[in-house]
Amino acid sequence: MNTEKSHAKELDQQDELNSFRKEFYLGNDTIYFDGNSLGLLSRRAEQSVLSLMASWKEHAIDGWTEGTHPWYYVSEKLGKLSAPLIGAEADEVIVTGSTTTNLHQLAATFFNPEGKRTKILADELNFPSDIYAIKSQLELKGLDPDEHLVQVKSKNGNTLETTDIVAAMTEDIALIILPSVLYRSGQLLDIQTLTKEAHQRGIMIGFDLCHSIGSIPHHLSEWGVDFAFWCTYKHLNGGPGSVGGLYVNRRHFGKRPGLAGWFSSAKDKQFDMEHTLSPADTAGAYQIGTPHVLSIAPLIGSLEMFQEAGIDRIRDKSIRLTGYLMDLIKSELSSYGFTIANPEDETTRGGHVFLIHPEAARICKALKAAGVVPDFRNPNGIRLAPVALYNTFEEVWEMVSRLKEIMDEKTYKNYANKRGVIA
Ligand SMILES: *Cc1c(COP(=O)(O)O)cnc(C)c1O
């Protein structure tokens with residue numbers, strides 16, 4: 001491979017998405033590779049926050065129906081903007097809640113243990129919050145999680161095999177909940193095959209898209225996925241605590257929400273204030289209460305950028321960025337004890353590279369001191385996410401060169417090999 005810095009610069013010049021970078025607040029002299037934990041603020045997201053603040057200032061209560069982005073319709077409007085990112089129709093998507101609360105809503109709605117089918121199938125590598133939510137949903141139905149939660153095992157501690165997941169789709173499983181991309185190793189699961197296999201066995205299946213939405217295209221409607229849910233502060237750059245999203249396949253429209261609230265209502269019925277709920281006949285039915293308008297606001301500007309960039313072009317650049325990063329690691333860092341633990345194949349590789357190293361915690365601290373923001377994952381993982389909308393090939397080159405210096409000069413030994421509060 002060409003390891004010259006000038007080559008990285010050439011790749012940047014040829015990059016069709018390079019104009020988006022200047023729309024972000026990049027930080028002085030920092031190389032930010034943590035966009036899969038918290039995406040950066042863009043000027044457009046900032047503007048849309050200011051615009052919703054202005055409509056509050058100007059219209060007060062009438063902001064629900066007036067102003068540039070009337071609050072009463074904003075969740076649906078952003079659902080429509082999110083739909084192309086996951087291959088859904090506009091009314092199958094709603095921006096609401098958070099990953100965890102949306103999972104609660106969808107499990108409360110679609111987990112209906114009956115007869116022999118009383119179990120939920122998940123995996124042992126998923127993010128803890130999903131597992132806590134699933135266990136509490138089982139408990140709410142009077143089922144013991146030790147017996148009714150089945151977690152597919154990983155053979156190597158990093159990735160899952162489709163055949164193992166399919167083998168666990170036994171006739172006592174009522175519902176399957178899996179991540180699209182595993183948060184540590186970045187493995188992209190085969191959503192289409194898993195959905196087909198689940199349905200052949202009469203099992204419903206839903207996916208957590210936290211680490212894929214905004215980075216990888218999906219065709220959820222075409223694949224027939226039953227439901228999905230996600231956060232918007234990672235690749236979608238919605239800001240800390242921005243409102244999440246959910247998808248419900250239209251063949252389930254009309255299914256009553258497990259957790260109802262007045263925002264589950266059909267929009268024209270909601271203000272009739274009746275004590276009998278008339279749910280929306282769209283994914284909007286799975287909202288609960290008043291939308292968190294100020295935490296939705298940044299998404300208006302941010303999702304507009306995704307619409308302009310197009311998710312296929314984003315994925316294409318992301319694949320090239322992570323490919324370039326892995327090539328450089330193999331060529332420049334092969335003698336320092338790093339293991340590339342993400343799948344390398346393009347069909348199973350997500351949006352980040354996952355390195356394993358026994359000194360990972362303090363290597364991350366040394367990287368931060370050297371102006372690179374990685375993401376440490378206990379106990380020995382370093383996640384590096386070069387993001388298509390704002391990172392460059394030159395930054396990838398620069399990051400590898402700084403890491404090489406840290407390893408050569410052993411400056412990581414100046415730090416304790418222990419995690420901080422967050423990462
Ligand atoms: C980020 C993430 C979450 C976080 O859930 P919140 O409800 O937004 O706090 C949950 N699950 C996965 C897989 C994640 O990556």
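Numbering of ligands and ligand atoms starts at 1, following listing order. Nothing here was measured: the structure is a model prediction, and the numbers come from that model.
Relative to the six-membered ring of Tyr25, Arg43 meets both conditions, a distance below 6.0 Å and an angle of at most 45° to the axis. Cation-pi contact between Lys404 and Tyr336: absent, since separation from the ring centre below 6.0 Å together with deviation from the ring axis within 45° is not met. Lys317 forms no cation-pi arrangement with Tyr390, by the criterion of a distance under 6.0 Å to the ring centre and an angle within 45° of the ring axis.
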Give a table of atom pairs where an N or O of ligand 1 lies under 3.5 Å from a protein N or O.
| unit_1 | atom_1 | unit_2 | atom_2 | d |
| --- | --- | --- | --- | --- |
| ligand 1 | 5 (O) | Thr100 | OG1 | 3.4 |
| ligand 1 | 7 (O) | Ser98 | OG | 3.4 |
| ligand 1 | 7 (O) | Thr100 | N | 2.9 |
| ligand 1 | 7 (O) | Thr100 | OG1 | 2.6 |
| ligand 1 | 8 (O) | Thr99 | OG1 | 3.3 |
| ligand 1 | 8 (O) | Tyr233 | OH | 2.6 |
| ligand 1 | 11 (N) | Asp130 | OD1 | 2.7 |
| ligand 1 | 11 (N) | Asp208 | OD2 | 3.1 |
| ligand 1 | 15 (O) | His211 | NE2 | 3.3 |
| ligand 1 | 15 (O) | Lys234 | NZ | 2.5 |

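Residues Tyr247 and Asn249 bring a donor and an acceptor atom of their side chains to less than 3.5 Å of each other.
Judged as a side chain to side chain contact (heavy atoms under 4.5 Å, CB included), and not counting sequence neighbours, the contacts of Thr339 are Ile356.
Within the 4.5 Å cutoff, side-chain heavy atoms of Trp71 are placed close to those of Ser55.
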